[in-house]
2 protein chains.
Amino acid sequence: MIKNIFKNISQTFIKNGHRLTNQRRIVIEVILNHKTDHMTVEDIYESTKTISPNISLSTVYRIVDFLKQNNIIHKLQVDDDHYFYELINTEGSAIHPHFICKKCGKTIDILNEDILNHAAACQKNITSTYDFKIVSSTILYYGICSNCLEKLKPNALPKKNKKK
Amino acid sequence: MIKNIFKNISQTFIKNGHRLTNQRRIVIEVILNHKTDHMTVEDIYESTKTISPNISLSTVYRIVDFLKQNNIIHKLQVDDDHYFYELINTEGSAIHPHFICKKCGKTIDILNEDILNHAAACQKNITSTYDFKIVSSTILYYGICSNCLEKLKPNALPKKNKKK
DNA sequence: TTCGATGCAAAAGGTTTGCATGGGT
DNA sequence: ACCCATGCAAACCTTTTGCATCGAA
């Protein structure tokens, strides 16, 4: 299944005259194996190095850029110093909204079908109202996640004053 | 009306022990006077300099950061090298979705009431489904705007192969 | 008078680039 | 064999920071 995605990806850019180098193969593998992990370039680099220690950081930057150009991955800039890449259009997890907890920093994928439908309807509404052609989107919600809300309740965890 | 917003803003941070310096006054004025202009720090700096030529770029960075911390403005990162700031909660133009045309680069504010309601409903849905508390959001749609779509029609502007 | 805010210039640091080399096709 | 992709290190560029000075309260 991941094999298929890989095959699709590599065929696509061989078809377009690009080369399937070892480095590209490895970076793609890393990304596929961390599909749900919200990785930065640095993360990808570190993970790639465990497979091929000689790969260079700038190569990873170039490959990530390349994959972005080819609509294989998608960058999400969460705030000034947090971002990550996500696969586009893996079956069962297309582009979706994200929730970022301002307290614990976690990014949570919003995959609830109801909500996805709702969002799709909203997008369609824009398309027809403004006569735009929408090809992608970035939907980020910021706030406090249920876990952190729980911890904030007055009766919860009254002891243990934690510090950064 | 802008006067009122200004008063609100300055009172808020005087109350919080911050100082209303001339530079802050000017930067706020600039932002209020360009409410719909999607300005970068550099833009704000340039505009500020026409009023007070001696202001320093780092001061503008600091003030913009300050206003962001105080929830007066909001940064929108459109892509790796495009971003801008927007006022939060000016009456009649609260946070709203944006559309970015990949062809002409324009950013268009989506203010259609129907769509805003739709988006609000979607947000509420997330809140209740996940038990999150949402305090802000960034909603960006990418694609081709109606103007550029028009130009792309086969019968429009058939000549003129432009190059970068 | 106090201490937060500013200006200047220098530092930072993530990302990009030039160039010689390597390796897909 | 061709020429795109890579590795390395240097360059880039926007943003941040240290420090002396200024000025709002």
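Basis for what follows: all heavy atoms, side chains included, without hydrogens, waters or symmetry-related copies. Per chain, numbering begins at 1; letters A, B, ... match sequence-line order. Computed from a prediction, not measured in an experiment: that's the story for all the values here.
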Worksheet item: Between D81(B) (CG) and dC12(D) (P), how many Å, whole number?
Response: 17 Å

Fill in: Atom CD of Q69(A) with >12 non-hydrogen neighbours under 6.0 angstrom
yes

Worksheet entry | Phosphate OP1/OP2 of dC22(D) contacted by Q23(B) side-chain N/O (<4.0 Å) | no

Practice prompt. Would you tell me if any nitrogen or oxygen in the side chain of S56(B) comes within less than 4.0 Å of OP1 or OP2 on dC8(C)?
Written response: no

Discussion item. Just the rounded figure in Å: distance from P of dC4(D) to NZ of K15(A).
Written reply: 20 Å

Item to complete: Choose from dA5(C), dA5(D), dG7(C) the nucleotide whose nearest atom is closest to any side-chain atom of T21(A).
Response: dA5(D)

Discussion item. Measuring to OP1 and OP2 of dA5(D), would you say a side-chain N or O of R24(A) lies under 4.0 angstrom away?
Written reply: yes

Worksheet, complete the sentence: E42(A) CD to dG14(C) P, in whole Å, measures 8 Å

Discussion item. Looking only at the side chain of L20(A) (C-beta and beyond, no hydrogens), which of the listed nucleotides dT25(C), dT6(C), dC3(C) gets closest?
Written reply: dT25(C)

Discussion item. From CD1 of I28(A) over to C1' of dA5(D), roughly how many Å is that when rounded to an integer?
Written reply: 14 Å

Worksheet item: Whole Å only: how far is the CG atom of D80(B) from the C1' atom of dC12(D)?
Response: 15 Å

Item to complete: With DNA chain D as reference, determine whether S52(A) or Y83(B) sits nearer its 5' end, using the nearest nucleotide of each.
Response: S52(A)

Worksheet item: Taking CG from D65(A) and C1' from dA5(D), how many angstroms apart are they, rounded to a whole number?
Response: 14 Å

Worksheet item: Of the nucleotides dA5(C), dG7(C), dG24(C), which has the atom closest to the S58(B) side chain?
Response: dG7(C)

Item to complete: Select one nucleotide: of dG7(C), dA24(D), dC4(D), the one nearest the side-chain heavy atoms of R62(B).
Response: dG7(C)

Worksheet item: Rounded to the nearest Å, what distance is computed from the CZ atom of residue R19(A) to the P atom of nucleotide dG22(C)?
Response: 15 Å

Discussion item. By nearest atom, which of the nucleotides dG24(C), dG7(C), dT6(D) is closest to the T59(B) side chain?
Written reply: dG7(C)

Worksheet item: Of G17(B) and N54(B), whose nearest nucleotide on DNA chain C comes first from the 5' end?
Response: G17(B)

Worksheet item: Any side-chain donor paired with an acceptor under 3.5 Å for H38(A) and D109(A)?
Response: yes

Item to complete: Identify whether the distance between the nearest side-chain nitrogen and carboxylate oxygen of K68(B) and D79(A) falls below 4.0 Å.
Response: no

Worksheet item: Is K75(A) atom NZ crowded by more than 12 heavy atoms from other residues, nucleotides or ligands, each under 6.0 Å away?
Response: yes

Item to complete: Nearest-nucleotide wise, let me know which of I63(A) and L57(B) is further upstream toward the 5' end of DNA chain D.
Response: I63(A)

Discussion item. Within the 3.5 Å criterion, strictly below it, is a donor on E86(A) or H98(A) matched to an acceptor on the partner's side chain?
Written reply: yes

Practice prompt. Could you state the atom-to-atom distance from CG of N22(B) to P of dA24(D) in whole Å?
Written response: 7 Å

